[in-house]
Protein chains: 2
Amino acid sequence: MERPALPLGSPPTERADAVRNRKHLLATAREMLAEQCGADGLTMDGLAERAGLGKGTVFRRFGTRAGIFQALLEDDEHAFQEQVLAGPAPLGPGAAPLDRLIAYGRARVAFMIRHRDIARASLDGRQPIPAGTESPLSRTHIRMLLGQMRLDGADLEMLAIQLTAALDGPPLLYLSASDFTEPTGIEERIGQAWQDLLRRLCGT
Amino acid sequence: MERPALPLGSPPTERADAVRNRKHLLATAREMLAEQCGADGLTMDGLAERAGLGKGTVFRRFGTRAGIFQALLEDDEHAFQEQVLAGPAPLGPGAAPLDRLIAYGRARVAFMIRHRDIARASLDGRQPIPAGTESPLSRTHIRMLLGQMRLDGADLEMLAIQLTAALDGPPLLYLSASDFTEPTGIEERIGQAWQDLLRRLCGT
DNA sequence: ATGCTAAACGGACTTTACCCCGATTAATCT
DNA sequence: AGATTAATCGGGGTAAAGTCCGTTTAGCAT
């Protein structure tokens, strides 16, 4: 009756086998994705069997099919976030807030494009809570940088959400697969538009 | 071998019974949603049975479960769009582009909040093409208004996509259900943030 | 009207996500 | 170390999504 409710380890302590199994399942899932080239074809039964575990275990760990992809994405996001928090400027600390924000957007777009399949597969219209983790990291970071900029009298919380959506939305929802296969340099184009958007936001 | 490929009627002509059945299915779906208060609990079998049609027909018409919600949303969007195209200013024509854009955003946010359940249920991580119709109307309208504003040297196409995402994203992906049940006036808050965002974009 | 053809219909069939609960095992306390 | 407890594991079971193909029917041409 005295749970810290702090995000150190989800429950007070997570059992060792549980941790081991989760990692093993994620690794197996990556293998299957790499081999079968696509998120379809990754079934819960197939994953369980290949990992040598029971189906119940898979569902206990991830709750839902989309949950697996959310976990995969969260995992990669973690590595990405380290670059942002401790990497070289302008992405990492040391540059002016606006420059960091521009650099962050470009990096995030690249990340989203690279993980487009997983990110899309992590969407699940049945979960009432939107993806739970749908970029709280991104949103928090943007929020922090906005706080360091001189934006008088703006609702920074909401602005951060809107900018997060402006970053993730295009690759995730509004651009079709063909936009990325064509040799259009779509990544650079989104990045440039992001930069323009921010420049205007800050008054040139 | 000479299909216009124009969006007049999806295929050259759609058979009358097909049209009738689609409308009937959509109406039945709305009934079920209203009665059961929620998108869950709307099953393909249930819908087919209640509509007095075969399951194959349902899938032929909508392709997938999410397809039904996409169709419902598109339907409502159509009615909404008429208000935008022919309604009173500032939402309808007659006002300055910026004012119209601000008004449009507020209306769109209200629309998304009102249709939040359906919109979320229309998300499907398995369809490679993102929702096919995920707000081409919205995006097109925003694009048009941007074209009427003096925004020198911006990628208006991409900016329109980003702004569309900034509108739809928050209610759809980034705000949890509790944010809307709490008496926080979230709609007004998003609308205000949208207005601020645009004001800054245009240099006050 | 009548025949032709392509499209729509229907419902049985297969696959897959997700649930449940008895068996098992890791962590803790004495 | 050994017992206790609470969480995890396992895999069979259910229901719903999505597929297939033989049958029916609308639209068109003669």
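Quick note on labels: first sequence line is chain A, next is B, and so on, each numbered from 1. All figures in this text were calculated on a predicted structure; none of them were measured in a lab.
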When rounded to whole Å, the CG to P distance for the pair Asp45(B) and dG11(C) reads 12 Å
Mind calculating the distance between CD (Glu49(B)) and P (dA17(D)) to the nearest angstrom? 13 Å
Could you state the atom-to-atom distance from CG of Leu25(A) to C1' of dT8(D) in whole Å? 13 Å
What is the separation between atom CE on Met44(A) and atom C1' on dC9(D), rounded to the nearest whole Å? 15 Å
Nearest of dG18(D), dG13(D), dC9(D) to any side-chain atom of Lys55(A)? dG13(D)
Modelled atom types, side-chain donor and acceptor of Arg106(A) and Gln195(A), under 3.5 Å: yes
Nearest-nucleotide check on DNA chain D, Gly63(B) vs Thr43(B); residue mapping nearer the 5' end is Thr43(B)
How would you label the contact of Arg20(A) with the nucleic acid (heavy atoms, under 4.0 Å): base, sugar-phosphate, or nothing? nothing
Side chains of Leu201(A) and Leu151(A) in contact at under 4.5 Å (non-hydrogen atoms): no
Distance test, side-chain N/O of Thr57(B) to OP1/OP2 of dG10(C), below 4.0 Å: yes
Is the shortest side-chain heavy-atom distance between Met44(A) and Ile68(A) below 4.5 Å? yes
Would you say Asn21(B) reaches dA8(C)'s phosphate, i.e. side-chain N/O to OP1/OP2 under 4.0 Å? no
From CG of Leu42(A) over to C1' of dA17(C), roughly how many Å is that when rounded to an integer? 12 Å
Expressed in angstrom and rounded to an integer, what is the separation of Phe62(B) atom CZ from dT19(D) atom C1'? 18 Å
So Arg15(B), base contact, sugar-phosphate only, or nothing? Heavy-atom distance under 4.0 Å. base
Start at the 5' end of DNA chain D and walk down; is the nucleotide closest to Gly56(A) or to Gly56(B) reached first? Gly56(A)
Gap between atoms CD and P, on Glu14(A) and dT25(C) respectively (whole Å): 19 Å
One thing to verify: whether Asp76(A) and Arg30(A) come together as a salt bridge, which I'm taking to mean a side-chain N less than 4.0 angstrom from a carboxylate O. yes
Roughly how many Å is it from CZ in Arg126(B) to C1' in dA17(C), rounded to a whole number? 8 Å
Please confirm whether the shortest side-chain N or O distance from Arg61(A) to OP1 or OP2 of dT8(D) is below 4.0 Å. yes
For a quick test of reading the model: is some side-chain N or O of Thr64(B) closer than 4.0 Å to OP1 or OP2 of dG18(D)? yes
Is any side-chain heavy atom of Tyr104(A) closer than 4.5 Å to one of Val84(A)? yes
